[in-house]
Amino acid sequence: MTNSLNDIRHAKSMIFIGSNAPEAHPISMQHILYAKEKNNAPIIVVDPRRTKLAAKGTDYVRIRPGTDAAFMLGLINAIVTNGWEDKEFIRTRVSGYEEMVAVAKDYTPEEVENITGIPASETLRIAELLANNRPTSLTWCMGGTQHHIGSSITRTFCILQLVLGNMGKSGGGTNIFRGHDNVQGATDMGILADTLPAYYGLAEGSWKHWCKVWDVDYEWIAGRFKSKEDMSKPGFTLARWYEGVLGEEKIYQDTPIKALVQWGCGSNSNSQYTRVKRAYDKLDLLVIVDPFPTMAAVACETDNVYLLPSASQYETSGSVSSTSRQIQWRNKVVDPVHNCKDDYQIMELLVKKLGFAEPFYKNIKQLPEDITRELGKGSLTIGYNGQTPERIKLHMENWHTFDVDTLQAIGGPCDGEYYGLPWPCWTEEHPGTPILYDVSKSVAKGGLPFRNRFGDEMKYEASGRVENQLAAKGVCNPGSEVEGGYSEFKDVVPGTNWKTDLSQKTIKDAIARGMAPFGNARARCVVWNFPDQVPIHREPLHTPRPDLIAKYPTFKDKPDHFRVDTRFESEQKPDLVKEFPYVITTGRMVEHMGAGAETRSNQYLAELQPEMYAEINPRLANDLGIRDGSMMTVESPEGAKITVKAFHTERVDEKTIFLPYHFAGILQGKSYADKYPEGTAPYVVGEVGNAVTNYGYDIITQIQATKDGLCKIAKA
Ligand SMILES: Nc1nc2c(c(=O)[nH]1)N[C@H]1C(S)=C(S)[C@@H](COP(=O)(O)OP(=O)(O)OC[C@H]3O[C@@H](n4cnc5c(=O)[nH]c(N)nc54)[C@H](O)[C@@H]3O)O[C@H]1N2
Ligand SMILES: Nc1nc2c(c(=O)[nH]1)N[C@H]1C(S)=C(S)[C@@H](COP(=O)(O)OP(=O)(O)OC[C@H]3O[C@@H](n4cnc5c(=O)[nH]c(N)nc54)[C@H](O)[C@@H]3O)O[C@H]1N2
Ligand SMILES: [Mo]
């Protein structure tokens with residue numbers, strides 16, 4: 001999130017794309033509805049389903065799943081054609097603009113109508129609405145990401161905001177509502193297949209940086225890997241770990257995966273779950289660390305399964321990072337019940353047993369404070385160094401002194417600081433950065449320019465044009481020594497840069513000179529190392545519109561994509577829609593969480609939503625003889641079939657089926673309810689929705705495409 005939930009209160013308009021906040025982020029609604037009432041700000045909802053957010057919105061745009069990039073490029077086209085772009089912002093702070101506009105010019109409102117199903121007049125109307133109501137706060141969630149071109153789609157959202165000049169401004173920004181309470185913290189910590197903490201990547205220099213932070217010998221760590229090459233090679237992702245076990249697709253490591261530790265993972269969250277289940281069955285060892293036994297624990301046919309019941313968040317303490325980049329301290333409410341151990345204890349015991357405790361724990365004396373300290377020391381890239389446990393706790397104790405509109409403390413011990421010291425918080429004196437890329441404040445007071453990466457100049461492949469990547473003259477934070485763009489800071493301490501200088505002299509030096517350690521550059525519309533340098537529309541792999549494949553084909557197949565071949569072109573079969581004529585999309589409801597192990601075990605929530613179902617349009621249902629409340633089947637092109645209750649609703653159109661993915665305990669009709677250890681079965685079991693989600697993964701991140709597959713349905 002570039003801004004914060006609270007900052008949405010300042011928006012003059014809001015656009016939500018693939019986000020259903022009343023169900024998935026109910027707390028955020030207090031700010032959204034505040035802006036609607038106070039500023040008369042329109043709420044534009046772009047979603048294939050007429051959601052609860054659409055019900056609270058002023059404008060609802062029904063879009064065909066997976067076509068948001070086309071809609072965004074269409075909005076940009078309409079904005080530029082009418083001269084509504086923010087010319088000064090673009091001239092001074094954006095790069096690759098000409099190259100991007102050259103792409104957007106093909107996305108006329110009429111072409112967008114053909115691709116997305118949104119009437120051309122609607123695209124023009126929404127463009128005008130955004131142009132007349134600046135700044136717009138733009139939010140996207142999983143409806144924007146879970147597609148094979150999810151990374152391109154999300155880039156078009158950012159580019160739209162650049163074109164409108166809505167970045168770095170209160171009430172504007174790209175505000176991606178994150179998932180779990182600490183998922184921002186988990187991402188920042190590097191729980192990904194291709195990065196060390198704080199997005200340092202896996203290159204040798206990154207490992208050496210973290211080895212210095214951890215105070216362990218680099219060569220010793222390197223010796224734990226098969227080879228240095230292996231050490232720098234991204235691992236399997238969570239989306240496709242099971243391919244490493246099954247060995248049915250070509251994998252890029254010597255031996256298959258034999259043991260799996262799942263730590264706080266609900267299991268039936270994986271798409272193509274029947275394949276996933278086969279991988280569980282094939283494992284030699286499965287360890288599940290979770291307060292609840294998950295679907296994996298009961299459906300797995302392997303004998304060697306260990307359930308380590310961990311304590312919950314209420315039984316332990318530590319720092320967590322919110323969607324608004326704020327760090328908060330979570331206090332223990334009660335001691336762990338039932339002799340459970342908390343996650344730190346389980347990890348420490350495991351590390352001890354494996355013989356790594358001595359090198360890794362030598363500087364961790366006070367748990368969990370020292371973990372926060374260690375992370376802060378190394379996470380210079382995103383400015384986690386100013387948020388000491390002492391400062392975070394002081395904010396928690398004095399939260400009543402912070403203003404709800406600005407997030408700034410008014411008087412008291414945190415006077416002038418922003419709540420939760422939102423990162424980057426560069427030093428122990430820094431107040432935190434409430435809005436990213438805001439050049440109206442000094443860097444020392446929480447301002448920031450755009451970051452300089454990949455050099456100071458760029459030559460565009462398509463046009464051959466060379467462009468300076470630094471911000472134009474005159475654009476800088478107040479008090480900046482250089483009155484315009486500048487490169488990132490390096491060699492203040494010889495041989496280091498702002499990201500690797502652990503003495504933090506480089507960062508302090510930059511701030512003392514009124515400058516940002518990472519430079520002052522332009523936001524890029526062209527990313528040279530992505531397959532689509534300027535994002536474009538590509539048809540979903542399993543598309544209901546095969547006539548569009550020729551013009552908007554998917555990518556070539558991608559070998560060794562996180563250690564496994566990933567199909568694109570060879571999976572985009574034009575005839576599939578004949579047998580599987582309906583679009584299947586999946587998502588959330590407010591009463592259940594994720595894979596549902598927790599919420600289906602809560603008697604009150606279970607009572608509110610006791611049954612797996614499929615949303616189906618009444619016209620389609622009636623045509624197929626499927627009565628409201630009767631059973632229907634949903635079948636995937638991969639051959640999985642589930643039977644669920646039909647829920648007639650106009651929320652979905654006549655070609656789309658929606659499934660919640662929170663249910664488990666039953667897989668293709670087979671119940672595992674009796675397999676739960678005594679007294680632990682959830683109140684509610686149901687068919688795993690992910691059994692019928694389709695093949696498909698993002699070309700960059702490999703996120704699973706669970707929002708735009710095809711299916712076949714029938715009366716059960
Ligand atoms: N109660 C509850 N709250 C949760 C969660 C939960 O499970 N339960 N999960 C948390 C997590 S981990 C996350 S990531 C967030 C997710 O929060 P959201 O992303 O808001 O939730 P979803 O229901 O997955 O998807 C949002 C919307 O995207 C729409 N959509 C689907 N395909 C498309 C498309 O192609 N284009 C567009 N524009 N829209 C599309 C869906 O119809 C849906 O209404 O929620 C978090 N909050
Ligand atoms: N079809 C479909 N599939 C999806 C999605 C979708 O929209 N559609 N969304 C995807 C998204 S965005 C996400 S984030 C994933 C979520 O997928 P998961 O992360 O697998 O889902 P959760 O149910 O949130 O899993 C969290 C688990 O952590 C456990 N837990 C809770 N607290 C603690 C703790 O303190 N310690 C430990 N060790 N465990 C704890 C819970 O009991 C639960 O089993 O699902 C993905 N899958
Ligand atoms: Mo998520």
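Both counts, for ligands and for their atoms, begin at 1 and track the order of listing. If you read the sequence from its start, that first residue is 1, and numbering goes on from there.
- Protein heavy atom closest to atom 11 (C) of ligand 1, with residue, atom name and distance, is G179 CA, 3.1 Å.
- Only side-chain heavy atoms of S310 come within less than 4.0 Å of ligand 2; its backbone N, CA, C and O stay farther off.
- Tested against L138, the residues L160, N175, L164, I176 include a single side chain to side chain contact (heavy atoms under 4.5 Å, CB included) partner, L160.
- The protein heavy-atom contact nearest to atom 34 (C) of ligand 1 is G143 O, 3.2 Å.
- Not a single heavy atom of D708 lies less than 4.0 angstrom from ligand 1.
- Residue contacts with ligand 2 for A597 involve side-chain atoms from C-beta outward but no N, CA, C or O (heavy atoms, distance under 4.0 Å).
- Those atoms of ligand 1 with a heavy atom of E23 less than 4.0 angstrom away are 1 (N), 2 (C), 3 (N).
- The nearest non-hydrogen atom to atom 29 (C) of ligand 1, considering only T116, T586, D47, T585, comes from D47.
- Within 6.0 Å of atom NZ in K641, 12 or fewer heavy atoms from other residues, nucleotides or ligands are found, so the atom counts as exposed in its surroundings.
- Assignment of R588 to the shell around ligand 2 is supported, since a heavy atom sits closer than 4.0 Å.
- Taking any N or O of V289, backbone or side chain, at least one lies under 3.5 Å from an N or O belonging to ligand 2.
- Polar contact check, N270 against ligand 2: no nitrogen or oxygen pair lies under 3.5 Å apart.
- For atom 35 (O) of ligand 1, the nearest protein heavy atom (residue, atom name, distance) is G66 N, 2.7 Å.
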Side-chain donor-acceptor pairs of residues 290-300 under 3.5 Å, sequence neighbours excluded:
| unit_1 | atom_1 | unit_2 | atom_2 | d |
| --- | --- | --- | --- | --- |
| D290 | OD1 | F292 | N | 2.9 |
| T294 | OG1 | A296 | N | 3.4 |

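- Between R155 and D532 no salt bridge is recorded (no basic side-chain N to carboxylate O distance below 4.0 Å).
- Checked by distance only, ligand 1 and T67 stay at 3.5 Å or farther apart across all their nitrogen or oxygen atoms.
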Evaluate the criterion side chain to side chain donor-acceptor pair (under 3.5 Å) for residue pair R178 and S321; output intermediate values, then yes/no. CA-CA 10 Å; R178 302 300 316 261; S321 305; over 6 Å; no

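- At the top of the distance list for atom 40 (C) of ligand 1, counting protein heavy atoms only, stands P48 CD, 3.1 Å.
- Residue contacts with ligand 1 for H25 involve side-chain atoms from C-beta outward but no N, CA, C or O (heavy atoms, distance under 4.0 Å).
- Interface of A595 with ligand 2, defined as ligand atoms under 4.0 Å from a residue heavy atom, comprises 21 (O), 22 (P), 23 (O).
- Ligand 2 places these atoms under 4.0 Å from at least one heavy atom of E598: 31 (C), 41 (C), 42 (O).
- For the pair Q326/L5, no side-chain contact is recorded, criterion being any heavy-atom separation below 4.5 Å from C-beta on.
- Residue V590 approaches ligand 1 through these ligand atoms, each under 4.0 Å from one of its heavy atoms: 1 (N).
- Note: an N/O pair closer than 3.5 Å links G266 and ligand 2 by distance alone.
- The distance from atom CG of L548 to atom CD1 of I115, rounded to the nearest 0.5 Å, is 6.5 Å.
- In this structure, of S312, S269, G596, A705, the residue bringing a heavy atom nearest to atom 18 (P) of ligand 2 is S269.
- For D335 and K332, the salt-bridge test passes: some basic side-chain N is under 4.0 Å from an acidic carboxylate O.
- With ligand atoms numbered from 1 in the order given, ligand 2 contributes 6 (C), 7 (O) to contacts under 4.0 Å with heavy atoms of K707.
- Close approach of ligand 2 to W263 (heavy-atom distance below 4.0 Å) involves ligand atoms 38 (N).
- Considering only non-hydrogen protein atoms, atom 38 (N) of ligand 1 sits nearest to D68 OD2, 2.8 Å.
- Atom 8 (N) of ligand 1 has H592 O, 2.5 Å as its closest protein atom, hydrogens excluded (heavy atom only).
- Below 4.0 Å from some heavy atom of F292 lie the following atoms of ligand 2, by number and element: 42 (O).
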Checking S267 against Y273 for the side chain to side chain donor-acceptor pair (under 3.5 Å) test, could you report, in this order, the C-alpha distance in whole Å, the side-chain angles of both residues, the deciding distance, and whether it holds? CA-CA 9 Å; S267 152; Y273 197 71; 2.6 Å; yes

Walk me through whether E539 and H537 qualify under side chain to side chain donor-acceptor pair (under 3.5 Å). CA-CA 7 Å; E539 267 302 294; H537 171 65; 2.9 Å; yes

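- At under 3.5 Å, a nitrogen or oxygen of V46, whether backbone or side chain, sits near a nitrogen or oxygen of ligand 1.
- At a 4.0 Å cut-off, not a single heavy atom of R178 sits close enough to ligand 1 to count as contact.
- Under the rule for a salt bridge (Lys or Arg N to Asp or Glu O under 4.0 Å), R325 has no partner lying at least two apart in sequence or in another chain.
- In terms of heavy atoms, A78 sits closest to L124 at CB-CD2, 3.8 Å.
- A heavy-atom separation below 4.0 Å is found between H147 and ligand 1.
- Shown here is R619, whose CZ atom has no more than 12 heavy atoms of other residues, nucleotides or ligands within 6.0 Å.
- In summary, E23 and R588 do not engage in a salt bridge, as defined by a charged side-chain N under 4.0 Å from a carboxylate O.
- Of the polar atoms of T51, none of the N or O atoms is found under 3.5 Å from an N or O of ligand 1, judged by distance alone.
- In terms of protein heavy-atom proximity, atom 7 (O) of ligand 1 is closest to G594 N, 2.7 Å.
- Residue contacts with ligand 2, taken as heavy atom pairs separated by less than 4.0 Å, do not involve S271 at all.
- Every atom of ligand 2 is numbered from 1 in the order shown, and the set under 4.0 Å from a heavy atom of M142 is 12 (S).
- Comparing heavy-atom distances from atom 17 (O) of ligand 1 across S19, A24, S28 singles out A24 as nearest.
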T237/Q702 under side chain to side chain donor-acceptor pair (under 3.5 Å): CA gap, chis, key distance, verdict: CA-CA 7 Å; T237 64; Q702 216 189 59; 2.4 Å; yes

For a side-chain contact (heavy atoms from CB on, under 4.5 Å) check, start with the C-alpha distance between I32 and F16, then their side-chain angles and the critical distance, and finish with the verdict. CA-CA 11 Å; I32 297 165; F16 290 84; 3.6 Å; yes

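- Closest heavy-atom approach to atom 33 (C) of ligand 2 within the set G264, G18, P291, G689: this belongs to P291.
- Close N/O approach between T693 and ligand 2 is not found [any backbone or side-chain N/O within under 3.5 Å].
- To the nearest 0.5 Å, atom CZ of residue F562 and atom CG of residue L192 are 8.0 Å apart.
- Below 4.0 Å from some heavy atom of T294 lie the following atoms of ligand 2, by number and element: 44 (O).
- Closest heavy-atom contact between N694 and H542: OD1-ND1, 2.8 Å.
- The shortest N/O to N/O separation between I63 and ligand 1 does not fall below 3.5 Å.
- If you check the side chains of Q146 and T706, you find a donor sitting under 3.5 Å from an acceptor.
- Side-chain contact, E369 with T372: no donor N or O sits under 3.5 Å from an acceptor N or O.
- When each atom of ligand 2 is checked for a heavy atom of H180 under 4.0 Å away, the hits are 14 (S), 16 (C), 19 (O), 22 (P), 24 (O).
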